[in-house]
Amino acid sequence: GGVVSAVAVVVLGSFGAMVALRPRPDQLVDRLSRHADQGASPRVMNLASSVATMTGSGEVELHTIDAESINIASVPRNGSGPIVVITRGASEQLGVVEMEGLVAAALVRATSRTFTDHCRDLSRLWSIGTAYEPDSLFVDDAAAARVTRFPPALADAYAMAASTGTVVPGEWSATATVWLFDPSSSGGTVHPDLHDRITILRES
């Protein structure tokens, strides 16, 4: 009886730890944007509005994080358009067509059923989590290229990100999957190799 009780305590403790590491209900957006400033440059805001129309994502709420790297994150929300967080480096370094491609990639992900289900599950306290398939990013990349109808620009944006860096400061371990590129400095496992994504875009 004592052994069974001890095992039960360990199992429940492990489950509780997994649950505790997850964002509480409806706090995924807060966790993503808490270190970001609401708003973006007029150029990014205009592009986001235009691309939102093309993707059917709804009105976008933009936030900017003070980082020299190039990265962008998106989270779908029920009843309203997605929230998008973009790094200052992306806003300042990308040209118009490259920025359009980057924003399109973020909004395409925000309207993807697979990604929407993943984010909904990620935000639930009681849920262990649905499997996240990194290769789904290849599908999203292709869809973004179809939206802009100019794959070379999207490939160029990704190449600039690879060259500049994609690391986002802060603790993003619980939300790494919502970023278009790996935000960690240690090299995560939830994003396929960026150079592979660039190669596929250039061949499309």
Side-chain angles (χ1 to χ4, degrees), residues 28 31-33 35-36 40 44 47-48 51 55 57 60 62-76 82-112 114-116 118-119 122 131-204:
L28 182 58
R31 177 167 291 193
L32 175 64
S33 61
H35 299 299
V44 175
L47 280 173
V51 175
T55 60
S57 66
V60 180
L62 285 164
H63 295 254
T64 302
I65 192 165
D66 189 19
E68 296 180 359
S69 57
I70 294 177
N71 213 334
I72 190 169
S74 57
V75 172
I83 180 172
V84 170
V85 176
I86 189 169
T87 59
R88 177 176 52 80
S91 298
E92 295 178 350
Q93 298 182 56
L94 297 180
V96 173
V97 292
E98 292 81 15
M99 178 63 71
E100 182 184 55
L102 193 75
V103 172
L107 295 188
V108 161
R109 291 195 80 205
T111 57
S112 162
T114 301
F115 185 65
T116 299
H118 169 70
C119 287
L122 185 63
Y132 178 79
E133 178 52 62
D135 284 350
S136 65
L137 278 162
F138 289 114
V139 177
D140 294 339
D141 290 346
R146 288 194 295 271
V147 167
T148 62
R149 300 181 181 180
F150 192 39
L154 188 57
D156 288 344
Y158 285 19
M160 290 184 68
S163 175
T164 303
T166 62
V167 175
V168 179
E171 179 52 59
W172 301 104
S173 60
T175 57
T177 51
V178 305
W179 290 89
L180 190 61
F181 312 124
D182 182 12
S184 70
S185 58
S186 57
T189 60
V190 297
H191 296 79
D193 185 86
L194 185 50
H195 293 92
D196 290 342
R197 295 167 69 183
I198 295 168
T199 298
I200 291 176
L201 282 170
R202 295 208 188 281
E203 292 175 349
S204 62

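All values below were derived from every heavy atom in this structure, side-chain atoms included, with hydrogens, water molecules and symmetry-related copies excluded.
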Nearest-0.5 Å distance that lies between atom [atom1] in [X] and atom [atom2] in [Y]:
| X | Y | atom1 | atom2 | value |
| --- | --- | --- | --- | --- |
| R146 | T55 | CZ | OG1 | 13.0 Å |
| D196 | L137 | CG | CG | 12.0 Å |
| L154 | L102 | CG | CG | 7.5 Å |
| E100 | L47 | CD | CG | 6.0 Å |
| S163 | D156 | OG | CG | 12.0 Å |
| L201 | F150 | CG | CZ | 12.0 Å |

- Task: Starting from the C-alpha separation in whole Å, work towards a yes-or-no answer on side-chain contact (heavy atoms from CB on, under 4.5 Å) for L107 and T111.
- Result: CA-CA 6 Å; L107 295 188; T111 57; 5.7 Å; no
- Check whether any side-chain N or O of T64 sits under 3.5 Å from a backbone N or O of R88 as a donor-acceptor pair, and report yes or no.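 Answer holds: no.
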- Item | Any donor-acceptor pair under 3.5 Å from S69 side chain to V167 backbone |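 Indeed, once roles are kept as given, a pair shorter than 3.5 Å links the two residues.
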Considering all heavy atoms of both residues, which atom of [X] and which atom of [Y] are nearest to each other, and what is their separation?
| X | Y | answer |
| --- | --- | --- |
| T87 | W179 | CG2-CZ3, 4.4 Å |
| I72 | V103 | CD1-CA, 4.2 Å |
| A110 | T116 | O-OG1, 3.5 Å |
| E98 | A153 | CG-O, 3.7 Å |
| A48 | L62 | CB-CD1, 3.8 Å |
| L94 | A157 | CD2-CA, 4.2 Å |

If we only count heavy atoms from C-beta on, is the [X] to [Y] side-chain gap below 4.5 Å?
| X | Y | value |
| --- | --- | --- |
| V178 | F115 | yes |
| H191 | P183 | yes |
| L180 | Y158 | yes |

- Item | Salt-bridge contact R197-D135 (side-chain N to carboxylate O under 4.0 Å) |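 No salt bridge links R197 with D135.
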- Which is it for D141 and I200 under the side-chain contact (heavy atoms from CB on, under 4.5 Å) test, yes or no, and what are the steps along the way? CA-CA 9 Å; D141 290 346; I200 291 176; over 6 Å; no
- Task: Assess whether side-chain contact (heavy atoms from CB on, under 4.5 Å) is satisfied between E68 and T164, documenting all intermediate values.
- Result: CA-CA 8 Å; E68 296 180 359; T164 303; 5.7 Å; no
